[in-house]
Amino acid sequence: MKRMRVWGIGATAVAAIGMMLFVGWWQVDGPGSPEPMGQRPMPLTEMAFSLTDHEGNAVGPEALLGNPTMAFFGFTYCPDVCPTTLSDISSWLDALGDEAALLNVIFITVDPERDTVAAMAEYVSYFHPAIRGWTGPEEQIARAAEGFRDVFERVPTDGGDYTMNHTASVFLFDAEGQFVTTIDYHEARDFALPKIRRALQQEMEETT
Amino acid sequence: MKKIVSTGALLVLFSFAGASMPALADADDIVIDGAWARASIGMNRPGAAFMTIRNTSTEPVTLIGLSTPLAMMPAIHETRTSADGVSSMTPTDEIAIAPGESVALEPGGLHAMLMQLQEPMTEGETFPLTLVFEDGGEATVEVPILGFAARGPED
């Protein structure tokens with residue numbers, strides 16, 4: 001009788017561990033796992049949104065085809081990540097020299113409420129002149145972010161203000177609008193420049 | 001009120017001493033190196049300041065707050081970037097610094113977030129920033145304001 005009980009407990013324990021392992025697998029690797037966040041951005045040719053650049057021109061993904069593109073989402077009330085990234089982008093463009101002229105470089109706001117066309121115009125004026133600032137209605141920004149697989153979220157702060165959490169990667173596309181790669185926030189410049197050159201290279205290969 | 005008075009007193013102190021760097025304060029226990037901030041566009045957007053804080057004493061110290069006449073709400077914030085590339089900022093209540101150790105406030109990590117600016121941050125100017133420690137000690141540094149697109153203290 002005693003032995004039976006021990007066996008019973010053992011079997012229950014094994015079943016419980018098995019169940020835990022199964023549930024763990026289901027949630028992490030199995031069919032119950034969440035959609036991977038790091039999905040590839042769509043090709044620019046499959047995106048559809050209309051925004052306004054910092055000079056008041058109507059723009060959209062089709063405006064980017066024909067040249068490789070470097071795109072970054074952010075907001076001008078961002079004290080750290082966005083000025084740092086735009087400074088990084090500016091330094092990459094400086095390092096590219098004349099080749100920089102072959103790139104579309106766009107900074108798309110995730111905070112259109114505060115980032116009007118005028119606000120974007122003033123903000124981008126502090127960085128490399130190749131950088132274009134894009135803003136527009138919230139639902140168009142959302143459609144753009146969806147295409148790039150960029151996520152953002154409005155977060156209230158102590159003083160009654162708000163800040164934005166957002167994907168801070170720089171996206172690279174070739175001249176055909178195909179996604180090439182991302183430059184992650186704070187990646188060393190040694191890694192960034194070859195990636196940008198790769199996007200530029202693909203344009204050369206396609207045109208020759 | 002007391003805090004404002006003491007900051008005012010430190011300001012006076014600095015105007016006599018000149019803005020020498022690195023600043024030594026709190027009985028020489030805290031050394032602040034390489035302080036810098038970026039210029040702001042007007043006063044609506046929050047600013048950020050960066051520096052290295054070194055504890056040269058034999059006791060641990062804990063940074064619990066900031067004060068500056070430049071901003072109504074200065075606070076230590078931390079930028080975190082998740083594995084899938086999403087950056088967020090969260091307030092950091094306190095930072096413990098072990099004896100002989102230092103903590104870096106740098107882009108993409110910890111920074112002194114300057115909310116509700118009282119005046120624009122103009123390139124070429126400086127502002128005093130006081131670090132308040134748990135034991136009541138304070139250290140004030142004169143932070144140089146660099147260009148809007150500055151990337152570090154040498155820019």
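With chain B as the partner, the residue from A:Asp80, A:Asp150, A:Thr167 showing the most heavy-atom pairs under 4.5 Å is A:Asp80. Ranked by non-hydrogen atom pairs under 4.5 Å with chain B, the options A:Thr76, A:Leu86, A:Val81, A:Thr163 are led by A:Thr76.
Here the CE atom belonging to A:Met164 is positioned 12.5 Å from the OG atom belonging to B:Ser88, to the nearest 0.5 angstrom. Put simply, CG on A:Asn165 and CZ on B:Arg80 are 11.5 Å apart, with the number rounded to the nearest 0.5 Å. A distance of 7.0 Å separates SG of A:Cys78 from CE of B:Met89, quoted to the nearest 0.5 Å.
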Show the atom names and distances, to 0.1 Å, of all donor-acceptor pairs under 3.5 Å that link a side chain in residues 50-63 of chain A to residues at least two apart or in another chain.
| unit_1 | atom_1 | unit_2 | atom_2 | d |
| --- | --- | --- | --- | --- |
| A:Asp53 | OD1 | A:Glu55 | N | 2.9 |
| A:Asp53 | OD1 | A:Gly56 | N | 3.0 |
| A:Asp53 | OD1 | A:Asn57 | N | 2.9 |
| A:Asp53 | OD1 | A:Asn57 | ND2 | 3.3 |
| A:Asp53 | OD2 | A:Asn57 | ND2 | 3.0 |
| A:Asp53 | OD2 | A:Arg132 | NH2 | 2.9 |
| A:His54 | ND1 | A:Gly133 | N | 3.0 |
| A:Glu55 | OE1 | A:Arg132 | NH1 | 3.4 |
| A:Glu55 | OE1 | A:Arg132 | NH2 | 2.7 |

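Contacts of A:His166 classified as ring-ring contact (aromatic ring centres under 6.0 Å, His included), with partners at least two apart in sequence or in another chain: A:Phe75.
Counting only N and O atoms by type, the side chains of A:Thr84 and B:Arg151 include no donor and acceptor under 3.5 Å apart.
For B:Met115, no part lies near chain A; criterion is any non-hydrogen pair under 4.5 Å. Heavy atoms closer than 4.5 Å to chain A are found in both the backbone and the side chain of B:Ser87. With a 4.5 angstrom heavy-atom cutoff, A:Phe152 does not touch chain B via any of its atoms. With a threshold of 4.5 angstrom between heavy atoms, A:Tyr77 approaches chain B through its backbone and through its side chain.
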Test side-chain contact (heavy atoms from CB on, under 4.5 Å) applied to A:Tyr126 and B:Ile41, step by step: CA-CA 10 Å; A:Tyr126 289 93; B:Ile41 303 176; 3.6 Å; yes

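The two residues B:Ala150 and A:Ser87 have their closest heavy-atom pair at O-OG, 4.0 Å. B:Arg38 and A:Pro79 get closest at one heavy-atom pair: NH1-O, 3.7 Å.
Annotation for A:Glu146: atom CD does not count as buried by contact number, only 12 or fewer foreign heavy atoms lying within 6.0 Å.
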